Amino acid sequence: MSELFQSFQLGTMTLANRIVMAPMTRARSPLGIPNLLNAEYYQQRATAGLIVSEGIPISHEAQGFALIPGLWSYEQLQGWRDVTRHVHQAGGRIFAQLWHVGRLSHHTLQPYGRAPVSASAVTASPLYAKSFTYGSDGELALLPPDAPRALEMHEIAELIKDYTDAARFAMDAGFDGVEIHAANGYLLEQFLNPHTNQRTDIYGGTIRNRARLIIEIISDVAAAIGSARTAIRLSPGSQVFDMPFYPEWQQTYQQLVAELAHFKLAYLHLNDERRDGAAVLSDSYLASLKYHFQGPVILAGGMTKVKAEQLISQQVIDLAAFGKPFIANPDLVARLQQDLPLTTPNTSTFYGGMAEGYTDYPVLNEKTYA
Ligand SMILES: Cc1cc2nc3c(=O)[nH]c(=O)nc-3n(C[C@H](O)[C@H](O)[C@H](O)COP(=O)(O)O)c2cc1C
C-alpha cells in the first residue's frame, strides 16, 4: 500500500494516514462563535490523518473578517469543544490554527474602532487586499483595509501573551495542538518581510530581528503547551495580499527554519502559493527546508495523489495537505485511495452562508464508511 495511506507517528500522536486537511476560512460562524454546523463540517472530514482548523483569531484585534470563529472568550471555547469532540468521535485529529491578520483589517472589526496593528505603518493596497466587514449601511462588504499603526514595543509582550493564552484555550477546548499562522501575508509575515517591516528596533532590520517575533511566540507557546503540540505554517516567497517580493526570501526562510528546529516542534507546514499554475517552491528548495528543520514537514498547494506519493517517497515531505479538494470531497481520503473521481468545489460558496457548499457535498461509496 502507498505510504500516503499508512499511519504516521506525529510526536506522541498516531495519525491514520499522511493526508492533512489544510486550514480553510469558511466564514460560517455568526458572532465569531463556532457552532454545531461547523462541528458537522469538520466531523465529515475526520478521515484525514490530521485536520488543521480554519484560521482562528487569537483576540479581538487579530480579526480581519466578519463571521470568523475566534478563541478568546468562554463561549468560543465551548463552541470549539463541540468541534473537537465531533472530530475525535469520528477518529480524527485536529490542530487549531492561531491567526492574527495584522494590517489586513478594518476599524469596524477592531476594539473601539481603532486602527489595525502591524510591524510598521505600511498600508496594504486595496487592489490586492480586502477586509470582509460591515459597511456604513450595515451590510457585509469587501472593503479596503485601513492604514495600520506600528505596534509599540510594550505591546509586543501583550501580543505574545495573546498567542499563548489562545494556545492554552485551544488545549482546554480539546485540540490536539496548535499551528501558529505565520503565512499568507498576515501579521507574522508582515514582520518577516523587509518592505512591510521598517522597524529600527530589535524586531526590524536583519533577518534575525525580523524573525524574532515568530521565534518569541513559538518559544512562549511551546513552553506553555509543549513543543510536541506546537507547529507553524509558513509560505516562503508568498506575495499574496500585497506582500512585496524581496530577493533574499529563500535565505530568510532557511534561517528562520533553522532557528525553529531548536524547538523540536510537531511539524512545519509549508504553503506553496503557486503562481500562474506553477510551484514557487522547487523540490530542491523544499528539501533544503526539510534539512534545516529536521522534523516532520507538511506541504500544501496544488497537491495531487501522484505528487504527494512522489515527494513522500523521496523524503522531501512527510505529509501532504489538500485545501480546496477537501471542501467538495469530505471523503477525500477514500476517493484518493480508490482513485474515484473528485467533485469540483463551488467557489461562490467558499465564504459565508450556511450548509450549502459546506456540509452538503456528497460522500461516494457510503458503504465503505458504514
Ligand atoms: C476557502 C479557502 C480558505 C482558506 N483559508 C485559509 C486559512 O484560514 N489559513 C491558511 O493558512 N490558509 C488558508 N487557505 C489556504 C489553504 O490552506 C491552502 O494552502 C491553499 O488552498 C492551497 O491548497 P490547495 O491547492 O489544495 O487548495 C485557504 C484556502 C481556501 C481555498
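For the numbers below, each heavy atom of this structure counts, side chains included, while hydrogens, waters and symmetry mates do not. If you're wondering where the values come from, they're calculated on a predicted model, not measured in any experiment. FYI, the numbering just counts along the sequence from 1. Counting starts at 1 for both ligands and their atoms, in listed order.
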Identify which of [options] has a heavy atom lying nearest to [atom].
{"atom": "atom 23 (O) of ligand 1", "options": "Ala27, Ser235, Gly301, Gly55", "result": "Gly301"}
{"atom": "atom 10 (C) of ligand 1", "options": "Met24, Arg26, Arg233", "result": "Arg233"}
{"atom": "atom 19 (O) of ligand 1", "options": "Asn271, Asn184, Leu234, Val52", "result": "Asn271"}

How close does the nearest protein non-hydrogen atom get to [atom], and which residue and atom is it?
{"atom": "atom 5 (N) of ligand 1", "answer": "Thr25 N, 2.8 Å"}
{"atom": "atom 25 (O) of ligand 1", "answer": "Gly302 N, 2.8 Å"}
{"atom": "atom 26 (O) of ligand 1", "answer": "Gly323 N, 2.8 Å"}
{"atom": "atom 17 (O) of ligand 1", "answer": "Pro23 O, 2.7 Å"}
{"atom": "atom 31 (C) of ligand 1", "answer": "Lys324 CG, 3.6 Å"}

Pick one of side chain, backbone, both or neither for how [X] approaches ligand 1, counting any non-hydrogen atom pair under 4.0 Å.
{"X": "Phe350", "answer": "side chain"}
{"X": "Trp99", "answer": "neither"}
{"X": "His181", "answer": "side chain"}

Out of all atoms in ligand 1, which are within 4.0 Å of some heavy atom of [X]? Include the element for each.
{"X": "Phe322", "answer": "26 (O)"}
{"X": "Ala22", "answer": "17 (O)"}
{"X": "Gln97", "answer": "7 (C), 8 (O), 9 (N), 10 (C), 11 (O)"}

| Does ligand 1 have any atom that is closer than 4.0 Å to a heavy atom of Tyr351? | yes
| message | So for Pro325, does at least one of its heavy atoms come nearer than 4.0 angstrom to any atom of ligand 1? | response |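 A heavy atom of Pro325 does come that close to ligand 1.
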Report yes if the distance between the aromatic ring centroids of [X] and [Y] is under 6.0 Å, otherwise no.
{"X": "Tyr358", "Y": "Tyr41", "answer": "yes"}
{"X": "Tyr186", "Y": "Trp99", "answer": "yes"}
{"X": "Tyr267", "Y": "Phe95", "answer": "yes"}

| query | If you measure every N/O of Ala321 against every N/O of ligand 1, is any gap under 3.5 Å? | reply | no
| query | Within a reach of under 6.0 Å around OH of Tyr246, are more than 12 heavy atoms found that belong to other residues, nucleotides or ligands? | reply |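 Yes - once you tally the heavy atoms of other residues, nucleotides and ligands closer than 6.0 Å, there are more than 12.
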| Around atom NZ of Lys161, are there more than 12 heavy atoms of other residues, nucleotides or ligands at under 6.0 Å? | no
| said: Run the side chain to side chain donor-acceptor pair (under 3.5 Å) test on Asp162 and His100 for me, step by step, so that the C-alpha distance in whole Å, both residues' side-chain angles and the decisive distance to 0.1 Å come before the verdict. | reply: CA-CA 10 Å; Asp162 285 345; His100 193 310; over 6 Å; no
| Worked check of salt bridge (Lys or Arg N to Asp or Glu O under 4.0 Å) between Arg275 and Glu273 | CA-CA 7 Å; Arg275 239 161 271 139; Glu273 194 174 287; 3.6 Å; yes
| Between Glu155 and Arg149, is the closest basic N to carboxylate O distance under 4.0 Å? | yes
| Between Arg274 and Asp272, does a salt bridge (Lys or Arg N to Asp or Glu O under 4.0 Å) hold up when you go through it step by step? | CA-CA 5 Å; Arg274 298 177 69 80; Asp272 186 324; 5.5 Å; no
| request: Please check if the side chain of Thr47 supplies one atom and the backbone of Asp331 the other of a donor-acceptor pair under 3.5 Å. | output: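 Judged by distance alone, no pair lies under 3.5 Å.
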| said: Tell me whether the rings of Tyr203 and Phe191 are parallel (<30°), tilted (30 to 60°) or perpendicular (>60°). | reply: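 Answer is perpendicular, since the angle exceeds 60°.
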